[in-house]
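First comes the structure, then the notes that go with it.
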2 protein chains.
Amino acid sequence: MTPTITVSRWLDLLQSAGCRVTAPRRAIVELMVGTSRALGPIEVFDLGRAEHPGLGLVTVYRTLEKLEELGLIERVHLPDGCHRYLRTADGHQHLLLCTTCGLVQTFAGDDLDPLTGKVASDTGFAINEHWLQFFGTCPDCRKPISTLSES
Amino acid sequence: MTPTITVSRWLDLLQSAGCRVTAPRRAIVELMVGTSRALGPIEVFDLGRAEHPGLGLVTVYRTLEKLEELGLIERVHLPDGCHRYLRTADGHQHLLLCTTCGLVQTFAGDDLDPLTGKVASDTGFAINEHWLQFFGTCPDCRKPISTLSES
DNA sequence: CTTGTATTGAAAATGATTTTCAATTACAAT
DNA sequence: ATTGTAATTGAAAATCATTTTCAATACAAG
Ligand SMILES: [Mn+2]
Ligand SMILES: [Mn+2]
Ligand SMILES: [Zn+2]
Ligand SMILES: [Zn+2]
C-alpha cells in the first residue's frame, strides 16, 4: 500500500472514530506514516511545523495519543527515550533498531512458545505477553567513513 | 547469600569505589537488596524514609545512579513507568513481571542465537543486544479472591 | 581529636507532559 | 451556500519528574 493511500486510510479511520480531519492532524499523520524511525513528541513537533507552521506541541501530544488509541502507532522504548512512537506493524512483529541512526525495521518468526511454556510451568506464572527487541547497527551505519563521503 | 551479607557486600563495593558509607545509602541499599519488585525513585524515597527519616529525594536519585554505575542494580522499563530499578541478576537472565502486583522473577535459557542470526542476515544489521521480558500473573495474584481472605 | 573532602537535603532550576480556556474551525443539518 | 454546534486548536499556566546549586554536615584517614 503506498504512503498516500495509507495516509487517507488513517484519516478515514480517524473520521470513523468520530474525529475531525484537520490540517495539524494531517501533517502529523503524514509524518508518522512516512517515517522509518521512532519519533518523540518534540521531533514530531519540529518536523510537523515544516509542513504546518503554527502547529502546537499540545496538538502533537493529543494526536499521538489518539493514533495510539486507534492502534495505528505504538509507543517504543529505547535506551535514550521512552516516549517514541512508530507505525504499528501488521501481525506479530518485533523491532530491530539501529543504535547509531535510529532506523527501525521489524522482524517476525520469533518462536517463544516453548520457552514461555517452560518458564510458566517453572514459575507458576500465567504468561500472556512478551517484549522482544533487537539492537544493532544498520547496513548504512556499518559502512566505513570513507564510503560516506561519496554522496 | 543471605540478604544481610549481600547488603554488606554492596556497601563494601561502594566503599571500594571510593564512596562513603552513610545512613541514607545504607537504607537505600537495604531496600534494593530486599525488594522483589522494581522500584521507582519515589517508591524508594517513601520506603526509605521509614528506615531513615529525613532522607532526601535527591539522595535517592544519586544513590540509584551510583548503584547502577556499579552494576548492582539495573533500570527496568515497564508499561507504566520506565525508571524502575531492580537488583541485577547473575549471568544472562531476563525478567518475568506480574502485571497485577509487580512481582519480578528472572529466567534464563532463551536461545535467541538462531533467530538473531537469521534476522541479521536478512537485514544486514550487526545485532549486538536484545531486550526480552515476559509479562503475566504471578501464582499469588492468580488465586481467587476467596482464597485471599484466608490470611 | 583534627582535618579535608564527599555527601547531604532544601531550594531553585530545568524539562517534559497535562490542564485550562477562549478563539477558531470542521462538518452535519438545514 | 449558510448556519449552528460541538470538536479542535494553540498559548499560557499548572503539574510532575529530574537535575543543579549550595551551604551545612558527617565520614574516614591520619
Ligand atoms: Mn513475539
Ligand atoms: Mn537473552
Ligand atoms: Zn521505557
Ligand atoms: Zn502478582
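Quick note on labels: first sequence line is chain A, next is B, and so on, each numbered from 1.
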Rounded off to whole Å, could you give me the CG-to-P distance for the A:Leu67 and D:dT8 pair? 12 Å
Just to confirm, is there a sub-4.0 Å distance from OP1 or OP2 of D:dA28 to any side-chain nitrogen or oxygen of B:Gln15? yes
Need one value for B:Leu55: base, sugar-phosphate or nothing, where a base atom within 4.0 Å counts as base even if backbone is also close, heavy atoms only. sugar-phosphate
Are the ring centres of B:Phe135 and A:Trp131 closer than 6.0 Å? yes
Regarding A:His94 and B:His130, is there a side-chain donor-to-acceptor distance under 3.5 Å anywhere? no
Here the distance between atom C1' of C:dT17 and atom NE2 of A:His83, to the nearest Å, is 8 Å
NZ/NE/NH1/NH2 to OD/OE distance under 4.0 Å, B:Arg84 and B:Glu43: yes
Separation of C:dA11 C1' from B:Tyr61 OH (nearest whole Å): 16 Å
Note: for B:Gly56 and B:Gly18 on DNA chain C, the residue whose nearest nucleotide lies more 5' is B:Gly18
Which residues within residues 19-34 of chain B lie with some heavy atom under 4.0 Å of an atom in DNA chain C? B:Cys19, B:Arg20, B:Thr22, B:Pro24, B:Arg25
Between B:Thr88, B:Thr106, B:Asp110, which is the residue that forms a side-chain hydrogen bond (donor to acceptor under 3.5 Å, both in side chains) with B:Gln93? B:Thr106
Within this structure, what is the CD1-to-C1' distance between B:Ile42 and D:dT19, rounded to whole angstrom? 13 Å
Out of D:dA12, C:dG9, D:dT9, whichever nucleotide has its closest atom nearest the side chain of B:Thr59: C:dG9
Check whether any side-chain heavy atom of A:Val104 lies under 4.5 Å from a side-chain heavy atom of A:Leu96, and answer yes or no. no
For A:Asp46 and C:dG15, give me the distance from atom CG to atom P, rounded to whole Å. 15 Å
Rounding to an integer number of Å, can you tell me how far A:Leu57 CG sits from D:dT15 P? 19 Å
Test: B:Asp140 and B:Lys143 ion pair at under 4.0 Å: yes
Without decimals, in angstroms, what is the distance between A:Tyr85 OH and C:dA16 C1'? 12 Å
Can you tell me the distance, in whole Å, between the CD atom of B:Glu65 and the C1' atom of D:dT19? 10 Å
Using the rule side-chain contact (heavy atoms from CB on, under 4.5 Å), only one of B:Thr137, B:Leu97, B:Leu103 pairs with A:Phe125; which is it? B:Leu103
